[in-house]
Each structure stands twice: as C-alpha cells, then as structure tokens.
Amino acid sequence: MLGAEPVPANPPVPAPAAEPAPAVAAETVTAAEAAPEAPAVRFADFGLSSDILSALTAQGYVHPTPIQAQAIPVVLQGRDVMGAAQTGTGKTAGFSLPIIQLLLAHANSSMSPARHPVRALILTPTRELAVQVAENVAAYCKFTPLRSCVVFGGMDMKPQTITLRGGVEIVIATPGRLLDHVEQKNISLGQVQMLVMDEADRMLDMGFLPDLQRIINLLPKVRQNLMFSATFSPEIKKLANSFLKEPVLIEVARSNATAERVTQVVYKVAEEHKRDVVAHILRQRELKQVIVFSNTKIGASRLARSLEQEGMKATAIHGDKTQQERMAALESFKKGEIDVLVATDVAARGLDISDLPCVINYDLPYNAEDYVHRIGRTGRAGASGDAISIFSDKDERLLVDIEKLIKQTVKRGELVGFTPSFSRGERGDERHGERRSSSGPRRPEAEARGGRPPERGERPDRGERPAYGRSSGPAPRREKVDPWFLKPYEPTKSTLPAPTASMPSSTKPKQKVAALLGGLRKL
DNA sequence: AAAAAAC
C-alpha cells in the first residue's frame with residue numbers, strides 16, 4: 001500500500017471522565033479529552049445493535065474505556081486502525097464490538113455454500129490469548145445470530161474441524177493452526193472482510209511474519225485491517241505500512257511505561273539463593289494470586305516444584321506443558337485453587353488475569369520490554385500492585401537496560417546480613433567466608449555441618465525447608481543462609497520517583513506518535 | 001540467551 005497516509009486519531013467523542021487519567025496522560029490526549037467536564041460516554045451512544053447492548057448490560061458494562069471510546073467509532077466507519085495499547089485497556093472489546101456490529105449490519109456478501117462464511121479473522125500470538133479473546137467475542141455475540149470459534153494448536157484438530165465446517169462468521173486463531181486448517185480445506189478465507197492482528201509486536205517477535213504473510217495472501221484484497229501493538233519498533237511500522245491502508249492511529253497511554261500504581265523493588269541475591277528468597281517473600285507476605293516469572297521453562301518447573309514442597313499451592317505454566325495442562329493451570333489459578341503461578345513469558349503478555357496484587361520476577365527478563373509487560377499484570381484497573389524482582393550479579397546489566405527503558409530507578413530492597421556484592425567468582429570463596437564469619441550473622445546449622453553445603457534431602461533448619469532441587473554429581477559449592485535474614489519487605493510507594501520526573505522530552509508520547517507517523521509516511 | 005507457535 002504505497003502512499004498510505006495515517007491519520008491521527010480524532011475521536012468523535014471525548015474520553016470518559018470516569019477513567020482517571022494517569023499523571024502522564026496529559027501528554028497523550030487532546031485538550032478536549034482532558035477536559036474535566038467531559039461527559040461520561042456510554043456504550044449506548046455508539047449506535048450498536050440492541051443485541052450487543054444486551055450482552056454488555058448482562059456483563060455490567062456501561063462506560064467504555066478510553067481505547068474503546070476511540071476505537072469503536074473509527075472501526076464502525078470502516079477505517080483501518082493501528083492501535084497502541086496493552087492488554088488490560090479493554091482493547092478486545094474495542095475491536096470486537098464494532099466488528100460484530102458491522103457483521104450484523106452488512107448482509108452476507110456471497111452465496112457461499114456454507115451459509116456462514118468466515119467474515120472476520122482475529123489472529124493472536126499465543127493460544128491462551130486466543131481462548132481469552134474468543135471468550136469475549138462469544139459473550140458479545142450471545143444474543144446475535146453470529147457464530148464464532150477459536151482454533152489453536154496443541155489440541156485435537158477434529159472438534160475444531162467440525163465447528164469450522166459447520167460455518168462461523170468470526171474465527172479467532174493462532175497462525176500455525178489456522179494455516180493447517182486452510183491446507184486441510186476446513187476453512188476458506190476468501191470471504192474475510194475484517195482482519196485483526198492482536199499483539200502484533202509479539203507475533204513478529206515470535207517469527208510469525210511468514211505465516212502472517214501467507215494468511216494475508218489468502219484474504220480478499222479489499223478488507224478492513226486492525227492492528228494492535230504495545231510497541232512501535234521499526235518492524236512494526238513496516239508491518240503496518242504493508243498491511244494497513246490509511247490507518248487511523250489510536251494510542252492509549254504511553255507504551256514502554258510502567259503502570260502508574262505499581263510499586264517496584266529489586267533485591268540483589270546470590271544466584272543460588274533466589275529460590276529461597278522467592279519462597280521467603282511469598283510466605284512472609286502471605287501472598288496469594290501471584291505470578292512468578294521465570295526466564296526458562298525448566299526454571300519455572302523447578303521453582304513451582306520446590307514451592308510445592310514448601311507447602312504452597314503453586315503450579316507452572318510454560319510451552320513444554322501440554323495444552324491441557326496449560327489451560328488447567330490457568331483455570332485453577334483464576335479460580336483461586338492455586339496461589340502461585342510460575343510462568344515463562346508465555347504469560348507475560350495478553351493474559352487477562354486481573355487485579356493481581358503482586359508480580360514477582362524470579363529472573364529479570366532478557367528483553368527489557370518484557371519487564372513492562374510482566375509487571376503490567378499487576379496494578380491494573382485502578383488497583384495498586386507490587387512488582388518484586390530478584391536478580392544476581394550476572395544480571396546487573398539487565399537491570400540497567402530495564403531502568404533505561406522505564407526511565408526510572410527501581411528501589412533496591414536491602415538484604416540484612418548479606419553482602420550485596422557477594423560473588424563466587426575469583427577469590428570469592430575465601431573472602432566470602434571471612435567476611436561472613438566476622439560480620440555476618442551466625443549460622444548455627446551451617447556450623448553444625450562443619451561448613452559443608454547441605455546435602456540433598458537434608459533439612460538445614462528445623463526441617464521446615466526442603467533441599468534445593470535435584471542436582472546430580474558432586475554437591476555444588478553453595479552457601480545456604482542469607483534468605484532468612486532478609487529485611488521484611490516494606491512498601492515504599494512514596495519514595496519512588498515520579499515517572500515523569502526523569503523523562504526526557506524526546507521520548508514524550510506525543511513525539512513518539514509523530515515519529516511513528518513520520519516513519520509510516522516514509523516507508 | 002530464551003520464549004512462543006503446526007503436525
């Protein structure tokens with residue numbers, strides 16, 4: 001689409017005053033939106049069908065979120081949209097409500113043998129997100145004659161095949177499985193009028209570009225495209241440029257920003273103590289409904305297992321689990337049967353687990369943007385939240401990257417009786433030993449062992465703690481102590497620097513939008 | 001350096 005000229009969003013209706021604007025939002029919204037007297041918009045104002053409104057009423061929704069207030073009228077006009085919004089902003093309803101409305105308003109354009117040809121296609125990067133979007137869409141379609149279904153990998157093809165062959169207007173899918181169904185002629189995409197690419201940045205990260213390209217080649221040339229992304233990388237701009245036609249840009253809150261009400265703290269801990277530190281924090285704060293993020297699948301499984309061994313209700317979710325296990329884990333976490341969900345970044349984005357009081361990073365993410373996504377699981381919908389991260393020496397640089405990205409310094413929690421610079425490297429062993437015996441707290445259990453590290457299965461103190469995880473071969477030289485001398489965690493909200501304070505003007509949201517527009521024009 | 005996604 002050469003010459004695509006994006007148009008800045010100019011919402012016909014002011015943003016609802018009910019949603020308190022974050023401190024920095026004044027930078028991103030127009031004067032009209034920021035006006036304190038702006039009347040609250042209602043879903044009923046959009047001219048949506050009564051069947052849709054009934055579904056919204058049934059769910060207790062009256063007022064749209066800012067992104068819904070902006071996106072719904074624009075999508076109803078049939079425009080392409082480039083949306084910058086993270087999950088938790090009401091994005092899903094923002095695109096699915098007007099899509100449903102358009103499908104209802106326009107009769108089937110074909111004499112397709114299936115009386116219900118696929119007319120709207122929603123693509124998501126992860127299976128769980130697909131399920132979640134599908135649940136929302138189904139709820140909004142409840143009182144309409146429209147049919148929807150979700151297809152994704154890891155599950156038996158058959159039930160999906162039967163549903164697809166029965167005819168559905170709206171399909172929510174992960175790309176790989178969708179193409180599988182296309183090849184097996186279970187679905188035809190020749191009647192698709194609307195395409196949604198949800199979490200487009202994530203899809204690119206995951207290498208879905210070729211699949212996206214293949215899918216788009218199967219669609220009619222004339223169609224409406226909606227693309228949502230949390231970030232504005234050059235790749236995303238390129239994607240927007242090639243797939244969108246004169247897109248309206250909708251931006252809600254700034255990307256790369258940490259949630260306003262999230263209190264962040266980091267603890268520096270020796271690598272081998274991280275597991276005990278997590279257990280300690282969980283127990284000390286009697287935390288329930290916490291997601292603990294691990295960088296690796298193995299790490300997530302091990303951590304979940306050792307937390308279980310400590311008597312906590314914990315379970316892991318990651319890509320090596322079967323789809324059934326993944327869904328069961330999520331389900332029991334949402335139902336409250338599980339207190340701690342130990343997850344890889346499969347859960348960092350998209351999952352709508354609302355009102356989490358706390359998120360813990362067992363590892364700092366390698367990708368600084370994932371930090372924002374992870375801690376975005378808490379402090380949502382006006383609630384406050386805590387984001388606790390632990391990291392070791394070797395990950396110091398990751399913290400630097402993160403702080404650079406979020407443009408604030410994260411508060412360092414203090415470890416009492418713990419030498420923060422403790423390292424096992426070089427002459428660290430002797431130095432560490434000396435230092436601890438002279439200035440550190442006494443460790444009766446270690447002394448009783450003659451200083452040797454605890455064996456597997458050995459309970460170092462009063463039998464309350466289990467051993468470290470399985471480790472074969474000679475016992476590694478680890479010093480097991482300090483977590484029990486962690487200073488009790490104290491919330492430190494008031495001492496956190498205001499997010500705006502150090503934000504250079506060059507990265508202010510408005511200019512970022514301008515940069516995007518410029519980038520799009522050029523391409 | 002790792003995660004996710006089709007079989």
Side-chain angles (χ1 to χ4, degrees), chain A residues 87 121-134 150-161 164 171-187 189 197-215 218 229-231 235 271 274 291-304 316-327 329-330 341-351 361-374 376-377 389 391-402:
Chain A
T87 324
L121 177 61
I122 301 169
L123 299 174
T124 72
T126 66
R127 299 165 181 174
E128 279 78 6
L129 183 57
V131 170
Q132 192 179 288
V133 170
V150 58
V151 301
F152 54 92
M155 301 285 280
D156 194 354
M157 290 281 282
K158 272 185 215 133
Q160 297 177 4
T161 301
L164 286 176
V171 168
I172 300 96
T174 50
R177 178 55 70 93
L178 179 71
L179 285 168
D180 206 346
H181 280 296
V182 168
E183 276 164 21
Q184 301 199 23
K185 304 253 189 278
N186 298 332
I187 183 174
L189 300 179
M197 285 168 279
D198 201 6
E199 308 259 357
D201 48 349
R202 189 63 159 179
M203 287 206 263
L204 288 189
D205 286 350
M206 289 167 59
F208 274 137
L209 186 56
D211 282 353
L212 285 181
Q213 192 69 65
R214 287 180 60 203
I215 290 167
L218 297 166
S229 174
T231 54
E235 289 76 23
E271 184 68 32
K274 282 165 67 174
I291 292 188
V292 181
F293 283 106
S294 160
N295 280 0
T296 65
K297 293 180 277 197
I298 288 186
S301 281
R302 285 187 186 150
L303 179 59
I317 182 168
H318 57 67
D320 275 355
K321 296 264 186 187
T322 68
Q323 195 56 35
Q324 284 82 359
E325 287 172 322
R326 282 164 61 163
M327 294 191 298
L330 205 54
L341 187 66
V342 187
T344 58
D345 279 324
V346 68
R349 303 191 195 193
L351 289 191
N361 286 310
Y362 172 65
D363 300 309
L364 288 177
Y366 287 115
N367 183 344
E369 273 171 5
D370 282 333
Y371 177 83
V372 180
H373 289 291
R374 287 180 181 185
R377 304 292 100 200
S389 302
F391 72 106
S392 66
D393 247 358
K394 67 175 172 51
D395 292 332
E396 193 92 51
R397 205 189 53 89
L398 299 178
L399 184 58
V400 173
D401 289 348
I402 288 165

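A note on names: the letters A, B, ... follow the listed sequences, proteins ahead of strands, and every chain is numbered from 1. All figures in this text were calculated on a predicted structure; none of them were measured in a lab. Computed over heavy atoms, backbone and side chain alike; hydrogens, waters and symmetry mates excluded.
Residue A:Gly207 is classed as having no contact, given no heavy-atom separation below 4.0 Å to the nucleic acid.
A sub-4.0 Å separation between OP1 or OP2 of B:dA6 and a side-chain N or O of A:Arg127 is present. Put simply, A:Thr174 has a side-chain N or O that comes within less than 4.0 Å of OP1 or OP2 on B:dA6. Close to B:dA1, at under 4.0 Å from its OP1 or OP2, lies no side-chain N or O of A:Lys394. Proximity of A:Arg397 to the phosphate of B:dA1: no side-chain N or O atom is located under 4.0 Å from OP1 or OP2. Using a 4.0 Å cut-off, no side-chain N or O of A:Thr344 falls inside it from OP1 or OP2 of B:dA2.
To the nearest angstrom, C1' of B:dA6 lies 14 Å from CE of A:Met155. Following rounding to the nearest Å, A:Leu398 (CG) and B:dA1 (P) show an atom-to-atom distance of 11 Å. Across the protein-nucleic acid pair, A:Asp345 atom CG and B:dA5 atom C1' stand 15 Å apart, rounded to whole Å. One can place CG of A:Leu123 at 15 Å from C1' of B:dA4, the figure rounded to the nearest angstrom. Regarding A:Asp395, its CG atom lies at a distance of 12 Å from the P atom of B:dA1, rounded to whole Å. Separating the CG atom of A:Asp320 from the C1' atom of B:dA5 is a distance of 12 Å, rounded to the nearest angstrom. Between the CG atom of A:Leu209 and the P atom of B:dA4 there is a distance of 21 Å, rounded to whole Å. Atom CZ in A:Phe152 sits about 9 Å away from atom P in B:dA6, given to the nearest Å.
The side chain of A:Arg214 approaches B:dA6 more closely than any other nucleotide in the set B:dA4, B:dA2, B:dA6. Comparing B:dA6, B:dA3, B:dA1 by their closest approach to the side chain of A:Tyr366 singles out B:dA1. Comparing atom distances between the A:Arg326 side chain and each of B:dA5, B:dA2, B:dA6 picks out B:dA5 as nearest.
Applying the side chain to side chain contact (heavy atoms under 4.5 Å, CB included) criterion to A:Asp363, with sequence neighbours excluded, gives A:Lys274, A:Ser294, A:Asn295. Residues meeting the side chain to side chain contact (heavy atoms under 4.5 Å, CB included) test with A:Leu398, sequence neighbours left out: A:Leu364, A:Tyr366, A:Asp395.
Residues A:Glu369 and A:Arg202 are not paired through a salt bridge, judged by the lack of any N-O separation under 4.0 Å between the basic side chain and the carboxylate.
Note that NE2 of A:His181 is 11.5 Å distant from CG of A:Leu189, once rounded to the nearest 0.5 Å.
The two residues A:Pro175 and A:Thr124 have their closest heavy-atom pair at CD-O, 3.4 Å.
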